[in-house]
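Atoms within each ligand, like the ligands themselves, are counted from 1 in listed order. All values below come from the heavy atoms of this structure, side chains included, with hydrogens, waters and symmetry mates left out.
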Amino acid sequence: LTIRQKNCPEARHANQLTENPFNNREVIGEKSLESHFQPIYSIKRTRTVGLEALARPMNPVTRNPINPCVLFREAGNHGLSLELDRLCRRRALEGFANFADEDPDILLFMNINTAFLNETAAGSNAILNLVCEFSVPPERVVLEIVENQVHSEDALMHFVSTYRNHGFLIALDDMGAGHSNLARISLLKPDIIKLDRSLISDIDTEFHKQELFELFIRFAHRIGVMVIAEGVETQTEALTCLDRGADLAQGFYFSRPLRAAEVEPRETPQRVGHVKQLLKYFQVAQRDKREAQYKSFAEMTDVICQLMSAADPEAYDRTLLSCLENFPVIECAYILSSAGVQVSDTVFNPHGVHPARRRLYVPSTRHTDQSSKDYFMFVTESQRRFITESYISGASGNPCITISTLTTDQTRCAIVVCVDIDMSKPVED
Ligand SMILES: [Ca+2]
């Protein structure tokens, strides 16, 4: 199994343990280790899709649990990694064999320590022999690979293609954590990507995590890869991940790792069905929130339009500036002529973008021709307002939308008032 300190279910379990002095050679020699199984759920189908085997070592004398992360590290220091790894895999299959027959579709997710993978280990067929011994078809086993532990890329490629040819499924584990190497996705062509807890924690409030998550999802789905959100610990994390397209979810919110005897593959916790229901309300609520937000944007732009219609064109910049001071969500604003040419500067909100960051981007200036922009082209007499999709502002680098409104100037000539709204701020309730 993998050696990880951070964010691993092993570590979370370990935090609750008091350290016991132990001899790792004895732990391995006495095979003083069992496997627990954390379910992976499809919320859409309200069912358990698979279970990840997690090592639970014990002190051979006292039978008290031992911190698995410490054991893995110690085993590595004493050249016992391979032995420990084999013991973990054996225990995983032994445990899985107990309930595998109850549901022939259920998968076993097994962590593979790839740190010491070399050509010999890759070609030894050790895992194939083991699954045969327990009469588990390879098609029911997912090998979870942490790609940043790998020393030999060739050996990893060989390992993956060998086991894939035997029918095993391949998952890339801990994606988004540590030094994930995105190039490996194209080399290994995994069936599944497991997005790491570090990306999932607080995803409901962190804009950058949400965007990164969606990026992974879009990318994975384009290349036909399934995505598991790992380490889901709260309801809002679960809802956010599912709303943004996670296929499967795993984590303490749904279920802790279970003893083999506790696993009931055909039972799903009430929470899974509950979250499925909640997701519908969540999505409607998100849409309502967005609509209410857009309504308030529209009211705001109406106020600005009124002021601009009465303003002296010579004083557009000053008038815009005084408007923006009242509306902190507006990042910048500018006025276009009826020909789509900018007749004001791009006026930034003094409370908005940091001046240092603004240096990276070049906002358009007076006289810039914007006539080919959608926010100019699509405002007409019959549709006086246009709201763009969210895009990255060339003026600030922030995700923004532009709201453009057709109105008139002092002389009753048409002008288009454009405001950019910073969308990186969370939606207010
Ligand atoms: Ca894993």
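Considering CD of Glu230 and CD1 of Ile40, their distance stands at 7.5 Å, rounded to 0.5 Å. One finds the CG atom of Asp247 at 10.5 Å from the CZ atom of Arg45 (value rounded to the nearest 0.5 Å).
When you scan the N, O or S atoms of Asp173 for the one nearest the Ca ion (ligand 1), you land on OD2. Of all N/O/S atoms in Glu144, OE1 sits nearest the Ca ion (ligand 1). Looking only at its N/O/S atoms, Glu52 has OE2 as the one nearest to the Ca ion (ligand 1).
Metal site remark for the Ca ion (ligand 1): Glu230 contributes no N, O or S atom at a distance under 3.0 Å.
Looking only at distances, no side-chain donor or acceptor of Asn398 sits under 3.5 Å from a matching main-chain atom of Cys400.
Using a 30° and 60° split on the angle between ring planes, Phe297 and Tyr294 fall in the tilted class, from 30° to 60°.
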